[in-house]
2 protein chains.
Amino acid sequence: MGGRDGPGSRPTMKDVALLAGVALKTVSRVVNEEPGVNPATAVRVREAIERLGYRRNEGARLLRSGRTASIGLVIEDVGDPFYSGLFRAVEDVARRHGSLVFAGSSGEDPVRERELVLAFCARRVDGLVVVPAGEDHAYLGPELAAGMGVVFADRPAGNLAADTVLVDNRGGARAGTAHLISYGHRRIAWLGDSPAIFTAAERLRGYRTALAEAGLPYDPCLVASGATTTEAARAALDRMSALADPPTAIFTGNGRATIAALRALGPRRYALAGFDDFEPADLLGVTVVAQDPVRLGHTAAGLLFARLAGDRDAPREIVLPTRLIPRGSAERPPA
Amino acid sequence: MGGRDGPGSRPTMKDVALLAGVALKTVSRVVNEEPGVNPATAVRVREAIERLGYRRNEGARLLRSGRTASIGLVIEDVGDPFYSGLFRAVEDVARRHGSLVFAGSSGEDPVRERELVLAFCARRVDGLVVVPAGEDHAYLGPELAAGMGVVFADRPAGNLAADTVLVDNRGGARAGTAHLISYGHRRIAWLGDSPAIFTAAERLRGYRTALAEAGLPYDPCLVASGATTTEAARAALDRMSALADPPTAIFTGNGRATIAALRALGPRRYALAGFDDFEPADLLGVTVVAQDPVRLGHTAAGLLFARLAGDRDAPREIVLPTRLIPRGSAERPPA
DNA sequence: GGAGGCGCAGACAACGTTGTCACCGGCTTG
DNA sequence: CAAGCCGGTGACAACGTTGTCTGCGCCTCC
């Protein structure tokens, strides 16, 4: 069928025009469904398009018209359930607006984040949703000035005024910790990510607030930052168990830490609550402080497309609530 | 309508050239690090680039040079753990080749799949990795002929000869079912996706093969297709429990079905094995037949980039093995 | 001391598309 | 009957980049 063109060369409007015996511009009109084309001519053009397997070159089109109908999404890891939920939500909104989504994983590396963002910018995405890993986003200034939409999700940007959607990390961690305290626990361990990560730091702050509000001391011996692997969690728990005054409960700072802690706990019977809901947490009976990645993504993408639609208001900051879901693992007194 | 953005659009090479007092082409040379530019001139150009916040317009560049350094990925759901693992692997390989990834969810809808694929093609992605939902991919013929790389993953294409990476669904399901049989079970229920989905059909076939090999009859009353939600699983199990000769074990056809079954089981004590490993399956002690989405993605992307590098061999089909991971839920005789 | 080379820089034409404007025949209007 | 108008069409110049070719000094080599 058709293709006598060598590989690599696709038919263009010119080819279609030639085959249909019309001018280039007429093909353009047909493709864009512009009015003012004789129906009979249009039919001939459409036949030629079909015959050649012509597909409009969006790149060339957008070179003229500015918008690319695509957005970029930078998250920590496209494979992580939390972020992939966010991605799904962003995709839904983008789709509703006729946009495609470039997505990339920063892996918590500010350099990689910047590379990704700039690669997206070079492709002239209309907007970006970024879960920032870095602390300085001044480099996005020119893009913002040029009319590109930028929304930060989950964590705030550094040195840049832009829309931001956050989660009430501090309040959630405080509520989770207070929940454990309400069952009589007075020695509560913390396992979570490094406080270099914004959300981890905020949650740790919430944990400390809850302790303070209950008149409990903050004991650094009970805090394991960076304990998000089974091995690290096991080491931390071993160390804490050996203390003169060991913990009776654990609060974990994110989903990975929760799973790591569960694996590491083994036979030990500690009360447990964790930040982040995860798929079969209900089956495991794990009490969690749930955040809603889908809502986070919807909100962020919503803000983005509002900007792209012309919203010129001052940058907004939206903070989404968390929800405590008791499932049993926390609802017992110290042994 | 609105049109051009208020505070000026982005600077181009022309603007940079003007500011640096050189010709357009010289800027191009500096940007592309082509040899033959006086170092002093290059410095002046780079300064101008910095001053203006210039970023090369990749769209225009690729209009000339053909390749877009981006690939498209169509999966069922970017938020699903299995597919997001695949995505992550594809991203890794793409990154190593300097490519970005457009990703989209087909949601098992052939129409949406086609829309996505064509949208990617319109943006002239260099290649595609597709988990097909539809059954006819002849529409990709022109793209393939034009030199675009296409690799199908997880399921085969219809009416198109292209590279394909599959998983040994039949063998895995057969092994899982045989594992249950080896513990003395003779009435084994099947809960899974609709057999309209290729992988589900294959796995059901594997289940039947294992039964036949053990001389056990195939009983349609024990098969629940489409039981991947908790409600559907509960209904199916209620129905089967009420049989004169109820099942003593369950084989589930994918991760969602496994979780649904676990939720639906409640107090009932059936032996259980399932297709697909999932994050905390070890914590739940669930025996699974594991496939490796990361390997699937790596392999598919590897094939794709081999094509893009010039591989002109006949289309390959690669079948990846599965692995039975006993964790206790299956390793007990009938009650 | 003319021919040729080298290092550097610019002019110009693509790439595939869309926006602008001009054209042409036939039809309505005054 | 002239002056318009209108539906349908096409020529041409952008968009921002890169490939090709040419131009200009200046140095080297017989």
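Protein chains get the first letters and strands the later ones, always in sequence-line order, with residue 1 at the start of each.
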Roughly, in whole Å, what's the span from CG in B:Leu24 to P in D:dT17?
-> 8 Å
Kindly say if B:Arg56 contacts the phosphate of D:dT18, meaning a side-chain N or O under 4.0 Å from OP1 or OP2.
-> yes
Whole angstrom value for the distance that separates C1' of D:dC15 from CG of B:Asn57 | 9 Å
From D:dT18, C:dA9, D:dG10, pick the nucleotide closest to the side chain of A:Ala23?
-> D:dG10
B:Arg10 CZ - D:dC15 P separation (whole Å) | 16 Å
Side-chain-base donor-acceptor pair under 3.5 Å for A:Arg64 and C:dT18 = yes
Return the value, rounded to whole Å, for the distance between atom CD of B:Glu34 and atom C1' of C:dG7.
-> 15 Å
Roughly how many Å is it from CG in A:Leu18 to P in C:dG16, rounded to a whole number?
-> 14 Å
Measure from the side chain of B:Tyr54, starting at C-beta and using heavy atoms only, and say which of C:dT17, D:dT17, C:dG10 lies closest.
-> D:dT17
Is any side-chain N of the basic residue among B:Glu58 and B:Arg61 closer than 4.0 Å to the acidic one's carboxylate O?
-> yes
Between C:dT17, D:dT17, C:dG10, which nucleotide gets closest to the side-chain atoms of B:Lys25?
-> C:dG10
Pi-cation contact, B:Tyr139 with B:Arg114 (under 6.0 Å, within 45°) | yes
Salt bridge (Lys or Arg N to Asp or Glu O under 4.0 Å) between A:Arg112 and A:Glu115: does it pass, once the steps are laid out?
-> CA-CA 5 Å; A:Arg112 174 69 183 145; A:Glu115 278 174 17; 3.4 Å; yes
For A:Leu62, which contact category applies under a 4.0 Å heavy-atom criterion: base, sugar-phosphate, or nothing?
-> nothing
Would you mind telling me which of D:dG10, D:dG8, D:dT18 lies closest to the side-chain atoms of A:Asn38?
-> D:dG8
Counting any heavy atom closer than 4.0 Å, what does A:Val31 reach on the DNA or RNA strands: base, sugar-phosphate only, or nothing?
-> nothing
Any Lys/Arg nitrogen of B:Asp92 or B:Arg88 sitting under 4.0 Å from an Asp/Glu carboxylate oxygen of the other?
-> yes
Look at the side chain of A:Arg29 and the base of D:dG8, then say whether one donor and one acceptor between them are separated by less than 3.5 Å.
-> no
Using a cut-off of strictly less than 4.0 Å, decide whether B:Asn32 has a side-chain nitrogen or oxygen near OP1 or OP2 of D:dT18.
-> yes
Should B:Glu33 and B:Arg46 count as an ion pair when the cut-off is N to O under 4.0 Å?
-> no
With heavy atoms under 4.0 Å as the rule, sort B:Ser65 into base, sugar-phosphate or nothing.
-> nothing
Should A:Ser28 be listed as having a side-chain N or O under 4.0 Å from OP1 or OP2 of C:dT18?
-> yes
In terms of the nearest nucleotide of DNA chain C, which residue is placed more toward the 5' end: B:Ala42 or B:Arg124?
-> B:Ala42
Contact under 4.0 Å: A:Thr26 side-chain N or O vs D:dT9 OP1/OP2 = no
When rounded to whole Å, the CE to P distance for the pair B:Met13 and C:dA11 reads 16 Å
Integer-rounded Å distance: C:dA14 P and A:Leu63 CG | 17 Å
Note: B:Asp311-B:Arg316 ion pair, threshold 4.0 Å (strictly below) = yes
From the list D:dT9, D:dC15, D:dT18, which nucleotide is the closest neighbour of the side chain of A:Val37?
-> D:dT9
